[in-house]
Amino acid sequence: MSPATEASATRVDDAPLVIGGRRFTSRLLVGTGKYADNEIMLEAIRASGSGCVTVAVRRVDLDRSHTESILHHLDPEEFFLLPNTAGCYTVEDAIRYARLGRASGFTDFVKLEVIGDQETLLPDPEGTLEAARVLVAEGFKVMAYTNDDLITALRLEDAGCAAVMPLASPIGSGLGVVNRWAIRQIKRRLEVPVIVDAGLGTASDVCVAMEEGVDGVLLNTAIAHADDPVRMARAMRCAVEAGRDAFLAGRMPARGGAAPSSPTHGMLD
Amino acid sequence: MSPATEASATRVDDAPLVIGGRRFTSRLLVGTGKYADNEIMLEAIRASGSGCVTVAVRRVDLDRSHTESILHHLDPEEFFLLPNTAGCYTVEDAIRYARLGRASGFTDFVKLEVIGDQETLLPDPEGTLEAARVLVAEGFKVMAYTNDDLITALRLEDAGCAAVMPLASPIGSGLGVVNRWAIRQIKRRLEVPVIVDAGLGTASDVCVAMEEGVDGVLLNTAIAHADDPVRMARAMRCAVEAGRDAFLAGRMPARGGAAPSSPTHGMLD
Amino acid sequence: MSPATEASATRVDDAPLVIGGRRFTSRLLVGTGKYADNEIMLEAIRASGSGCVTVAVRRVDLDRSHTESILHHLDPEEFFLLPNTAGCYTVEDAIRYARLGRASGFTDFVKLEVIGDQETLLPDPEGTLEAARVLVAEGFKVMAYTNDDLITALRLEDAGCAAVMPLASPIGSGLGVVNRWAIRQIKRRLEVPVIVDAGLGTASDVCVAMEEGVDGVLLNTAIAHADDPVRMARAMRCAVEAGRDAFLAGRMPARGGAAPSSPTHGMLD
Amino acid sequence: MSPATEASATRVDDAPLVIGGRRFTSRLLVGTGKYADNEIMLEAIRASGSGCVTVAVRRVDLDRSHTESILHHLDPEEFFLLPNTAGCYTVEDAIRYARLGRASGFTDFVKLEVIGDQETLLPDPEGTLEAARVLVAEGFKVMAYTNDDLITALRLEDAGCAAVMPLASPIGSGLGVVNRWAIRQIKRRLEVPVIVDAGLGTASDVCVAMEEGVDGVLLNTAIAHADDPVRMARAMRCAVEAGRDAFLAGRMPARGGAAPSSPTHGMLD
Amino acid sequence: MSDAIQIHLNGRDREVATDLSVRDLILSLDLHPDLIVVERNRGILRREMYDDVPVEPGDVIELVHFVGGG
Amino acid sequence: MSDAIQIHLNGRDREVATDLSVRDLILSLDLHPDLIVVERNRGILRREMYDDVPVEPGDVIELVHFVGGG
Amino acid sequence: MSDAIQIHLNGRDREVATDLSVRDLILSLDLHPDLIVVERNRGILRREMYDDVPVEPGDVIELVHFVGGG
Amino acid sequence: MSDAIQIHLNGRDREVATDLSVRDLILSLDLHPDLIVVERNRGILRREMYDDVPVEPGDVIELVHFVGGG
């Protein structure tokens, strides 16, 4: 069975990942930003085995001879397009961008981001909650980007979000899971799917997140800014599998002391 | 391409793992101890994709109606058998067990262990060096289990060891890589293959070790004592792939600050 | 100069700690809960060198022959009493308890806590912000207990809080500073004093927090539940000094490589 | 009671530090290298409260108009001078320098260093053991600098060393205690005093080491290369006290969950 | 004619004498007026009012104070 | 009589011909109607309206689409 | 004349028949010669010697094999 | 006849006067005998010998002392 298939949530021995009634073919979601060129992007996304890619909503650049729509490079039949509200610093902007994304006619899912600070790009908990409540009422399936605070995550679930997406560390930082305890609590307490989003920098970071039992991860910079994005995408696909299987397999207990792997009996005189 | 194939050191885009002139089909080596039964052991080892398994040398138990030789369960045609000197606390014993292992007629490789302390099972640096020098002179291909001290690792290389196998943490502890800096230095300074042996507890531990660029890892308890050894074996196979690919792909730099994944231009008024 | 004096914010070579116009004699604030008895509490608080202690507002137990008021054990002339709103899960309750605390006639300071979850005792960011805005409008000097989210901390400063008190880890957990990066950002970005509150378990935890440059720390369980509370209190006093001085002194850079402490010249032939 | 006195091993409520029959007045030992000038060195050493300083043995520079002996700046009546064998890469050199140090007539103590690698300055376990055996036989009181390997530490104790000095991390790196587990095991298993030497970068590093119960620490670069060496020296004095007291006081247990510091009863209706 | 009234004090129904001021009530409970705070029918009662304010039937009164807390 | 009108398009003042439908405008810009979304005077315009809705003087129009993002 | 001799086998004194070759001994124990290694009086015995080498009184023999180990 | 001899001092060839004791040599270098240690031809020279031991042609002498170190 190929990794792509194994990674899929449809493998016989793992429940599928379902968000807002939609079945995802992989526990790995990937962004489409920051790639050197569209060919590498497409090759990397395919190597990642992901079936869901995030896209941003932006004004058409009328000075360009031809449009830059990513739809020229990504086939909506091949990938589920998840519009985000990246770049929005107010509740109003986030709602406006979410509506524009839905008007594209592809989906009523939105990756909600209400950024609270330009330097750290950390999410604004109050604003995210307010926007989530409005969008849920408008029938959106909201996947909410949030910090690693359990209380905010619980409130987002109460607000009707389809998934809660706590950060591992700041967007684009590559610092990995800075607070494992927080991610563990969020997964333990929420019923909706938990997707770790932002800050994962390499394969072991992804593995660590998945070993906490979260339902999936979303990556962008870690793949796009690797020296070899296609190979890193493949690494991430395997890391998601490895972390998921390790979680489901139930790891050995870590102990302070040692224990021999070979028999202590049967030694010679 | 199946993970087993991908994991193999023979994949077109990665150099094969070669130790003492022998080409290994996987960067994952596994032990054969501590399994609930031989069927699970065999299934787990196959799921791990490993082509090399360690075995211990012990006295035949004459009280048993039939012999307990592991060769009844593992086909030497399918797996490369690597005898160890586990349980030896003196140079003399280690040499004696190494010779007995070679006399089995399967190989002149030996995983050398000279244990220095019964409680922690930590290796004895002086004893390991002395035994390695003797065994190398006798034509053994010595894969030396050692602690994570760079100097001892360099001396073992000078002694002619075919591979140096620093621990991640004590045997059977599952504490993972306690000193990443040490493993990095050892890999950076040695020319012979470096295999991280002992202490790895779950998939992310394996990923972390491989991301330091080491040539492989050896596992036993992490698989044998998982709730589901076969699934954990599969996780470990993927973790080795993930960590290796992430190392070869060249990870993004980790930075204190954040960087947006979506364009900052093209926002609406 | 005695540690008590050195620890004081009035030492000639360090700016005093001033919160809401009030000058604090130490950067260490301590709680008064969970002590085996009041004698040990008093001895420990004195050993800590702290001049400010938190107290809770509770209903008088009319079944007891005599009142349990902590004022029978702590002289308001010797210690600044800081009432908290511990145990409050709603904005309304927190405001009610804050008003009762102020009505005691000792102070218009309040350590604001709006708890969001009974299991983790993590603060409710939305509720804390709402209560802070009300209490600031009523003239309280609000010292707000919050999580380690920078955005919430910035909003609390905007709301007019006199100090912001991010947690190191959950109340009473003793896990230490789980997210150093977050504490660093909060201190770097806020102008009002930052006091690390909750989760510090031993002296090195306090040292780590102070080395991030925060203005002080608040402890309770770490002292009250040590085997020897009085000695631990003394340890904490020194840890605050040590961490503060190390921060002000400017630590050496950490480097991957080594550098000799003794001259490399002048060696013999 | 002043910190200096508190730090001293003679405080009534802590056993004194005694190495090789010699009573040390502080658990903090400091080096004398790498200071900007001798005045700052002397002021910093006095601020550290240390009574023992290490010195290197070097050839007199005959081109200088006057001798550079550190004895022009440090009064042997005020400080116990501990000669080291820094810069020695062979057993022979280490023995030669140790003998020259003793011939100075001040002491038969020596801080033994046999370096195994010029880049990392890590100690050579085999060489250190061999030199230690020779010097102990010659009546030296050997304080042996070693790595953090328990087995080597046990062998050095067996060899008759007066103290064993495991590194926290490489000399001059400031990486702090990279392997807490190793330091804990060494302290737990040895009977002779354990002094953590090398790699400590700031106050919290010292605190962490002392909390593992070790008998003392030796610092040089962390003080000499701080922006303000005198203040950092004071920080280190307090950090030793803090860590020692925290160890003796017995810290609260760290727990995954939270526990309130204020009473849960007596809440209002 | 009765010489007692019913109030709700610190969470319990309680019968107290008529014609008590809040200060009388506090002292009758062997409490020190300066060490407690009185909330009466959800409003805080300033200390200087204790003499003047009578305890009336049906009053909901909370007597609170400071206890050890973190 | 003028045969051009002023609109504010994607953040810039722009002169376009009169009597243009939104679809005409889109096509005149060499854009594919199915790949973009039109916001007109702060309201989203459904695709089926492109033919019927005229571009009028002073219209504030935003033509947006999907670009790479995380 | 006795038809049995004493040897020390795998840590225990044992009485075996006289005139046994090492191979005879192995087979008498129901072991497969190719799956074990023989150490005789602290020296390793090569398999091709099993037939020729007799088991003699006082021999210290260790029969070892591979078992599961890490 | 020459009144100077060659020695190897602290790594360099050096010409010194004849008939010098080690103490003479030390003082001639403006060094304090109590602050240094003398190694002569790979052997340590005790201070009480400085007067009696002559500096001889070809002597390899190291004068060492304590410097700052960690």
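These figures come from a predicted structure and were not determined experimentally. Naming convention: chains lettered A, B, ... in sequence-line order (proteins, then strands); numbering from 1 in each chain.
- For the options C:Pro229, C:Gly201, C:Ala198, C:Ala226, heavy-atom pairs under 4.5 Å to chain D are most numerous at C:Gly201.
- Looking only at heavy-atom pairs under 4.5 Å with chain C, the residue among D:Gly33, D:Ala203, D:Pro170 that has the most is D:Ala203.
- Across all non-hydrogen atoms, the minimal contact from C:Met252 to D:Leu200 is SD-O, 4.3 Å.
- Between chain C and the options D:Val55, D:Val208, D:Leu121, D:Ile115, heavy-atom pairs under 4.5 Å are most frequent for D:Leu121.
- The part of C:Glu211 that comes within reach of chain D is its side chain, from C-beta onward, which places non-hydrogen atoms under 4.5 angstrom from that chain.
- Ranked by non-hydrogen atom pairs under 4.5 Å with chain C, the options D:His225, D:Met232, D:Met210, D:Arg255 are led by D:Arg255.
- A 6.0 Å sphere centred on CD of D:Glu43 holds no more than 12 heavy atoms belonging to other residues, nucleotides or ligands.
- Ranked by heavy-atom pairs shorter than 4.5 Å toward chain C, the options D:Ala86, D:Ala258, D:Cys207, D:Gly31 are led by D:Ala258.
- Contact count against chain D (heavy-atom pairs under 4.5 Å) is highest for C:Ser173 among C:Ser173, C:Gly172, C:Ala246, C:Gly243.
- To the nearest 0.5 Å, the span separating CZ on D:Arg244 from CZ on C:Arg234 amounts to 11.5 Å.
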Listing, residues 91-98 of chain C side-chain donor-acceptor contacts under 3.5 Å, not counting sequence neighbours, or none:
residue, atom, partner, partner atom, Å
C:Arg96, NE, E:Glu39, OE1, 3.4
C:Arg96, NE, E:Glu39, OE2, 2.8
C:Arg96, NH1, D:Asp269, O, 2.8
C:Arg96, NH2, E:Glu39, OE1, 2.5
C:Tyr97, OH, D:Leu268, N, 2.8

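- Between C:Asn84 and D:Ser262 the shortest heavy-atom distance is ND2-OG, 3.3 Å.
- The candidate from D:Ala224, D:Pro263, D:Ala222, D:Gly257 with the greatest count of non-hydrogen atom pairs under 4.5 Å with chain C is D:Pro263.
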For this session: I would like to know whether D:His265 and C:Asp61 meet side chain to side chain contact (heavy atoms under 4.5 Å, CB included); could you show each step before the answer?
Result: CA-CA 10 Å; D:His265 59 272; C:Asp61 179 355; over 6 Å; no
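- Interface residue C:Leu100: only side-chain heavy atoms are found under 4.5 Å from chain D.
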Exercise. Under the side chain to side chain contact (heavy atoms under 4.5 Å, CB included) criterion, do D:Met267 and C:Arg58 qualify, and how do the steps go?
Worked result: CA-CA 6 Å; D:Met267 302 301 288; C:Arg58 291 293 181 269; 3.2 Å; yes
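- Between D:Ala242 and C:Ala239 the shortest heavy-atom distance is CB-N, 3.5 Å.
- Comparing D:Leu248, D:Thr120, D:Leu175 by how many heavy-atom pairs each has under 4.5 Å with chain C, the most go to D:Leu248.
- With a threshold of 4.5 angstrom between heavy atoms, C:Thr221 approaches chain D through its backbone and through its side chain.
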